[in-house]
K.L.:
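The structure that follows is given in the form of structure tokens.
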Amino acid sequence: MKIAVGSDHRGLSAKERVVSTLTRLGHEVIDFGTRATDPVDYPDVAFPVATAVGNGDAERGILICGTGLGMSIAANKVRGVRAAPCHDSVTAELSRSHNDSNVMCLSGDLLGGELIDRMVRIWLQTPFDGGRHARRVDKIRDFEKK
Ligand code: RB5
């Protein structure tokens, strides 16, 4: 799978781990930075990653900041993006099966590396359930078209 990845300074070390995990799993990674510990504003990374997902250049995106919240707020402004702040294995799974999330937002400050690896694997492997959930996601798509 082609996956766009990005973080701010607070998510940098977690992003580096995610990039190597994804590469080891055989995915193609597009790394939108940041690459240094100097402070960077999360929207400056969230928008390029979300745009890559929204326009089809990447199938999925993973964004990491201190909490995962700023990244998700910014990414959800991009048409076609369903960015979910995920906190554990359950939210990683349900964001896929119920919400068809195409961008996962993680906290670099609050989550450990082992948990992040597990969440990423679950999120990539879990299919969308469709059915009643498709009706709900379609309502979001319809709203976006207005
Ligand atoms: C940066 O200080 C911090 O605000 C950012 O990483 C993120 O947590 C925002 O939601």
Side-chain angles (χ1 to χ4, degrees), residues 1-25 27-129 133 136-146:
M1 203 181 281
K2 204 171 185 180
I3 303 170
V5 174
S7 76
D8 71 357
H9 51 293
R10 297 265 289 272
L12 175 60
S13 65
K15 177 184 66 93
E16 285 171 346
R17 183 182 176 117
V18 165
V19 168
S20 74
T21 299
L22 292 173
T23 306
R24 201 173 56 246
L25 291 172
H27 297 287
E28 184 182 343
V29 176
I30 314 170
D31 187 348
F32 284 86
T34 189
R35 295 177 202 286
T37 52
D38 314 87
V40 56
D41 297 338
Y42 58 82
D44 293 340
V45 179
F47 291 138
V49 168
T51 300
V53 173
N55 69 20
D57 286 347
E59 288 168 68
R60 301 275 188 90
I62 297 176
L63 286 166
I64 310 171
C65 60
T67 58
L69 299 177
M71 288 294 196
S72 66
I73 290 167
N76 276 314
K77 299 296 179 193
V78 176
R79 189 181 292 268
V81 166
R82 291 175 299 282
C86 297
H87 316 293
D88 48 34
S89 303
V90 176
T91 46
E93 182 181 341
L94 291 178
S95 81
R96 287 287 314 135
S97 57
H98 285 195
N99 311 115
D100 198 17
S101 64
N102 51 13
V103 174
M104 177 163 72
C105 300
L106 297 169
S107 164
D109 287 349
L110 304 172
L111 302 173
E114 288 294 330
L115 178 57
I116 286 180
D117 279 351
R118 181 184 298 253
M119 290 168 67
V120 166
R121 281 199 305 274
I122 289 170
W123 187 71
L124 291 173
Q125 287 166 3
T126 304
F128 180 44
D129 277 353
H133 302 297
R136 293 158 186 166
V137 171
D138 282 346
K139 289 186 177 183
I140 298 170
R141 266 199 205 96
D142 290 345
F143 185 84
E144 264 185 335
K145 287 180 196 148
K146 285 181 191 166

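Every number for a ligand or one of its atoms is a count from 1 in the order of the listing.
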K.L.:
Please confirm whether the backbone N or O of T34 pairs with a side-chain atom of K15, one donor and one acceptor, at under 3.5 Å?
P.N.:
yes
K.L.:
Is the closest N or O pair between G70 and ligand 1 shorter than 3.5 Å?
P.N.:
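Yes; at least one N/O pair falls below 3.5 Å.
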K.L.:
With only distance considered, is T67 within less than 3.5 Å of ligand 1 through an N or O on each side?
P.N.:
yes
K.L.:
State which residue, out of D31, T37, D38, fulfils the side-chain hydrogen bond (donor to acceptor under 3.5 Å, both in side chains) condition with R35.
P.N.:
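Considering D31, T37, D38, a side-chain hydrogen bond (donor to acceptor under 3.5 Å, both in side chains) with R35 is found only for D31.
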K.L.:
Answer yes or no: is there an ion pair linking D142 with K139, defined by an N-O contact shorter than 4.0 Å?
P.N.:
no
K.L.:
Could you check T91 against D88 for side-chain contact (heavy atoms from CB on, under 4.5 Å), going step by step and ending with a plain yes or no?
P.N.:
CA-CA 6 Å; T91 46; D88 48 34; 2.7 Å; yes
K.L.:
Is there a protein heavy atom less than 4.0 Å away from atom 4 (O) of ligand 1?
P.N.:
no
K.L.:
Given that the side chain starts at C-beta and the backbone is N, CA, C, O, which of these parts of D8 lies under 4.0 Å from ligand 1, counting heavy atoms, or is it both or neither?
P.N.:
side chain
K.L.:
Test your reading of the structure: does R10 have an N or O sitting under 3.5 Å from an N or O of ligand 1?
P.N.:
yes
K.L.:
Which of the numbered atoms in ligand 1 are below 4.0 angstrom from a heavy atom of G66?
P.N.:
5 (C), 6 (O), 7 (C), 8 (O)
K.L.:
For Y42, counting its heavy atoms only, list the atoms of ligand 1 lying under 4.0 Å from any of them.
P.N.:
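Taking each heavy atom of Y42 in turn, ligand 1 has 9 (C) under 4.0 Å.
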K.L.:
Please confirm whether the backbone N or O of F128 pairs with a side-chain atom of S97, one donor and one acceptor, at under 3.5 Å?
P.N.:
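Checked: no pair found.
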K.L.:
Measuring from atom CG of D100 to atom NE2 of H133, what distance do you get when rounded to the nearest 0.5 angstrom?
P.N.:
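So the gap between those two atoms works out to 11.0 Å.
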